[in-house]
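Quick notes on the structure that follows.
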4 protein chains.
Amino acid sequence: MNKRSGHESRKRIIESAVKLFSQSGYNGTTMRMIAKEAGISVGGLYLYFKNKEELSLYLIKEKLNEFYSKVLLPLKDIQSPSQALKEYFTKAIEFAKENRELIIIHGKQQGFAFGVEIKKELLKKEREILAEIIKRGIESQEFNEIEPEEVAKLLMNILGGYLLSVVVEPENLFKLEVCIDVILKGLLKRSNL
Amino acid sequence: MNKRSGHESRKRIIESAVKLFSQSGYNGTTMRMIAKEAGISVGGLYLYFKNKEELSLYLIKEKLNEFYSKVLLPLKDIQSPSQALKEYFTKAIEFAKENRELIIIHGKQQGFAFGVEIKKELLKKEREILAEIIKRGIESQEFNEIEPEEVAKLLMNILGGYLLSVVVEPENLFKLEVCIDVILKGLLKRSNL
Amino acid sequence: MNKRSGHESRKRIIESAVKLFSQSGYNGTTMRMIAKEAGISVGGLYLYFKNKEELSLYLIKEKLNEFYSKVLLPLKDIQSPSQALKEYFTKAIEFAKENRELIIIHGKQQGFAFGVEIKKELLKKEREILAEIIKRGIESQEFNEIEPEEVAKLLMNILGGYLLSVVVEPENLFKLEVCIDVILKGLLKRSNL
Amino acid sequence: MNKRSGHESRKRIIESAVKLFSQSGYNGTTMRMIAKEAGISVGGLYLYFKNKEELSLYLIKEKLNEFYSKVLLPLKDIQSPSQALKEYFTKAIEFAKENRELIIIHGKQQGFAFGVEIKKELLKKEREILAEIIKRGIESQEFNEIEPEEVAKLLMNILGGYLLSVVVEPENLFKLEVCIDVILKGLLKRSNL
DNA sequence: TATGAATGAGGCTTCATTCAT
DNA sequence: TATGAATGAAGCCTCATTCAT
C-alpha cells in the first residue's frame with residue numbers, strides 16, 4: 001500500500017499510458033497494462049481519469065500543447081523564412097523521435113476518433129504559422145509567388161508523412177537535408193539560390 | 001434465408017470490409033459490423049474467409065496489387081521524368097480517392113502488424129521505380145544532382161502524408177498543382193525552368 | 001450430383017458417422033465432417049436423419065443389437081458354463097476391437113445422455129444371460145456357490161473396463177488368457193481345477 | 001458485487017467445475033454453467049484460471065494426486081498381499097464414491113486429450129505398486145504363479161469398470177465382497193483357501 | 001433425392017469499469 | 001487515496017439446422 005502523493009501517481013499514470021499507447025495503440029493497450037506499468041491498482045486509475053477515453057484525450061492534449069509551445073511558437077521569432085522552415089522540420093522531427101507516439105496525434109490511427117476537435121484546432125494554428133512564414137518569404141522576394149496556404153499544407157503533409165514513417169516504416173525514411181534542400185530549391189527564387 | 005450466389009456474397013463482404021476497415025480500422029471494426037453492412041449473417045462471413053485476419057489480409061493484398069498495376073507499373077512507360085512524377089502523384093491520388101481505405105496500406109495503423117511483409121515488398125518496388133525515374137532525370141540533365149534513392153523516399157513520404165490527409169483531415173489537403181510545382185522546381189535544373 | 005439410391009446414401013452416412021463418432025466423440029464430430037466423409041451434402045444428412053441426436057441414437061441402437069445378436073445370443077447355445085464365459089470375453093473383445101466405438105455404448109462418455117434407456121435394456125439382458133450361465137455352472141457343481149447376479153455384474157464390469165482400455169489406454173490392456181484364467185480359477189470349484 | 005475472499009471464490013469454482021465436469025463432461029460443461037454454479041460471473045472465472053483447459057487440467061492433477069496419496073501409497077505399508085488387494089478395492093471405491101468425477105480421470109471421455117501424460121504417469125505407478133504386491137504374494141507362496149504385471153492390469157481394469165459404473169450405471173454395480181472373493185480365489189493357491 | 005449458402009444461438013475469452021473494503 | 005475481486009457486455013468464432021434451388 002504505497003502512499004504516494006496524488007500528484008506522483010498521476011504523473012506515473014500519464015507516463016505509462018504514453019509509453020503503452022505509442023507502443024501498442026489505443027485498443028492494444030488495456031487499463032490493466034497501464035496500471036501495472038504505473039505500479040498502481042486498476043481502481044487507482046479511475047481516481048485520476050474518468051475513463052480510458054478521457055485518459056487518452058488528456059494525453060493528446062498534452063502532447064499537442066507541448067508540440068505547439070516547443071516547435072511551433074518559437075518559429076515566430078525566427079527572422080529568415082528559409083531558416084524558419086528548416087527549423088520547423090528539424091524541431092518537429094526531433095520532437096517526433098522523442099515522442100514516437102506523436103503519430104497518434106499527427107497520424108490519428110483509425111478508431112481514434114475522439115480528440116479530433118482539438119487536433120483540428122492545432123492543425124489550423126500550425127497552418128497559419130507556416131503560411132505566415134511563407135508569406136513573409138514571398139514579400140521579401142525570397143520565395144517564388146505561390147499560395148502560402150497551399151504551401152503550408154504541403155509542408156505539413158510532408159512532415160506528416162515523415163512522422164508516420166518514423167513509426168511505421170523506418171526503412172523508408174529520407175534524409176532530412178535532401179528534403180529541405182529540394183523543398184527550399186522549390187520555394188526559393190532562382191536569384192536566391 | 002436470402003439465397004445469393006456465392007460470388008455475390010463474397011463481393012459484398014469485401015466491399016463492406018474495405019469500407020468499414022478504412023472507416024474504423026481493424027480493431028474498431030467488428031465482424032458483426034461487416035456482416036450487417038454486407039447484409040449477411042455473422043456465420044456467413046466465415047464461409048468466405050477463415051477469420052478476421054485473413055479477411056483483412058486479403059484486402060491488403062488486393063489493394064496493393066491494384067495499386068502496383070494501375071499506378072506504379074505504367075510509370076515505366078513514360079519517357080519524360082517530370083511527366084512521370086506528375087503522373088505518379090496524379091494517379092496515386094486519384095487511386096487514393098477511389099480507395100480511401102488505401103491508408104490502411106500506406107498508413108498502417110497500430111495493431112495491424114500482419115501483412116507487413118507484403119507491404120514492405122511493394123514499398124521497395126515503389127522506391128526502385130521512382131529512383132529509376134529520378135536517375136534518368138539526372139542523367140538527361142533535367143534534374144539537379146541529388147541522391148535518387150533519397151528523393152524517391154521523399155516523394156513517397158509526401159504521397160503518404162497526402163493519402164493520410166485524404167482520409168483523416170480533408171481540410172488540410174493541399175492543391176496537387178502547387179505540390180507538383182514546388183517539387184519539380186526543387187528538382188529541375190534552373191536551366192530547365 | 002451423384003444420384004445414388006437412397007439406401008446407399010443412408011448406409012454411407014451410418015458408416016461415416018460410426019467412424020467419426022468413435023474417433024472424435026459426439027461433440028468432436030460435426031455434421032459437416034460426417035457429410036464430407038460420406039461424400040454427401042450437409043443438407044443430405046437431414047434427409048435420412050432428423051438431427052444429430054437421432055443419428056447417434058440410431059447408431060447406438062444398431063450396435064447394441066449387433067452386440068446382442070453376435071455376442072450375447074450365441075452364448076445360450078454353449079453347453080459348458082466355463083466355455084460360455086470364455087466365449088463371452090473372447091467374442092465381446094473381438095467385437096470391441098472391430099467397433100472401437102463400442103465404448104460409446106458400454107462406456108457412455110459424458111454428455112451422451114440420450115439412448116440411456118436402450119442401453120439399460122441391453123445391460124439387463126446381458127446380465128440375465130450371464131447370470132443364467134453362472135447359475136447353470138453352480139447347479140452342475142462346476143462353480144462355487146456365489147450369487148449369480150453379482151458375478152454377472154462383475155464379469156460385465158471387467159469387460160467394460162477392458163473395453164474402455166481398448167480405446168483409451170492400450171498400454172494398460174491385460175492379456176485375455178490371464179484374465180480368464182484368474183476369473184475361472186475364482187469361480188471353479190477346487191475339485192474342478 | 002459480492003466481495004468474497006479470493007480463496008473462497010477459487011474453492012467454489014473448483015467445486016462447481018468438478019461437479020459439472022463429472023456430470024456433463026468437458027464439452028458438455030460451459031464456462032457459463034460453471035460460473036452460475038459457483039455463484040460468480042463469467043469473467044470472474046478467468047481471474048483464477050487462465051482458460052477452460054487449464055481449469056480442467058488443474059482438476060485432474062489435483063484428483064490424481066489425491067488418489068495417489070490416499071489410496072495407492074498406503075498400500076505399500078500393508079504386509080499381507082491379499083489384505084493389500086482388498087484395501088486397494090475398498091479404498092479406491094470409497095474414494096470414487098466421494099469423487100464421482102474420478103471417472104474423468106480413470107475413464108477419460110472423448111475429447112479430453114490433455115492431461116494425458118499426467119494420467120499415464122499415475123497409471124504406471126499404480127501398475128507398479130500392484131505388481132509389486134502380486135509378486136510378494138507369489139514369492140510368499142500365497143498366490144498362484146501368474147504374471148504379476150498382467151494381474152496388476154486386470155485388477156486396474158476391474159476397478160476402472162467399477163468406477164465407471166459408479167457414475168454411469170449404478171444398477172450394474174456388483175457387491176464388492178463378491179468381487180474380492182472371486183478375484184482372491186482366482187489368485188490364491190488352493191492350499192491357502 | 002440432393003445441394004450448399006445462409007442463419008443465429010451459443011461457446012470461449014477479454015476488458016473497461018465498479019465498489020466493498 | 002488505494003486496492004483488486006467482481007461484473008457483464010461484447011468480440012471472435014463454430015456448428016446444427018434450414019431452405020431456395
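What you are looking at is a predicted structure, and each value in this text was computed from that prediction instead of being measured. Proteins come first, then strands; the chains are lettered A, B, ... in the order of their sequence lines, and each starts at number 1.
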If you pin D:Arg32 and C:Leu47 to their nearest nucleotides in DNA chain E, which one's is more 5'?
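Closest to the 5' end, via its nearest nucleotide, is C:Leu47.
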
On DNA chain E, nearest-nucleotide positions of A:Thr29 versus D:Val42: which is more 5'?
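Checking each residue's closest nucleotide, the 5'-ward one belongs to D:Val42.
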
Closest-nucleotide 5' rank along DNA chain F - winner of A:Ser41 and C:Asn51
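In this pair, the answer is A:Ser41.
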
Between B:Gly43 and A:Gly44, name the one whose nearest nucleotide on DNA chain F is closer to the 5' end.
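Looking at the nearest nucleotide for each, A:Gly44 comes out on the 5' side.
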
Output the rounded distance in Å from [atom1] ([X]) to [atom2] ([N]).
X       : N      : atom1 : atom2 : result
C:Ile34 : F:dC15 : CD1   : P     : 12 Å
D:Lys36 : F:dT7  : NZ    : C1'   : 16 Å
B:Ile13 : E:dA5  : CD1   : P     : 11 Å
B:Leu45 : E:dA5  : CG    : P     : 14 Å
A:Tyr26 : E:dT14 : OH    : P     : 19 Å
D:Met33 : E:dA9  : CE    : P     : 20 Å
D:Phe21 : E:dC12 : CZ    : P     : 9 Å
B:Phe49 : F:dT14 : CZ    : C1'   : 18 Å

Axial cation check for A:Tyr48 ring with A:Arg12, 6.0 Å and 45° limits
no

Provide the closest heavy-atom pair for C:Lys52 versus C:Thr29 in the form atom of the first, atom of the second, distance.
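The pair with the smallest heavy-atom distance is NZ-O, 2.8 Å.
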
Pair partner, F:dT21 [Watson-Crick or wobble, under 3.5 Å]
E:dA2

In the structure shown, which nucleotide is the Watson-Crick or G-U wobble counterpart of F:dC15, with both distances under 3.5 Å?
E:dG8

Tell me which nucleotide among [options] gets nearest to the side chain of [X].
X       : options               : result
C:Ser9  : F:dT17, E:dT17, E:dA2 : E:dA2
C:Lys52 : F:dA16, F:dG8, E:dT17 : F:dA16
C:Met31 : F:dA16, E:dG8, F:dT7  : F:dA16

Under-4.0 Å side-chain N/O to phosphate OP1/OP2 contact, [X] with [N]:
X       : N      : result
B:Thr30 : F:dA10 : no
B:Tyr46 : F:dC13 : yes
D:Tyr48 : F:dA6  : yes

Take C:Lys11 and C:Glu8 through the test salt bridge (charged side-chain N to carboxylate O under 4.0 Å, His left out) and record every step on the way to the result.
CA-CA 5 Å; C:Lys11 209 180 109 198; C:Glu8 217 223 307; over 6 Å; no

Checking side-chain polar atoms at under 3.5 Å, does A:Glu54 have a donor or acceptor matched by the opposite partner on A:Tyr58?
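Short answer, no.
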
I'd like to know whether A:Ile34 forms a side-chain contact (heavy atoms from CB on, under 4.5 Å) with A:Phe49, so could you lay out the CA-CA distance, the side-chain angles of the two residues, the decisive distance to 0.1 Å, and finally the verdict.
CA-CA 12 Å; A:Ile34 298 174; A:Phe49 295 93; over 6 Å; no

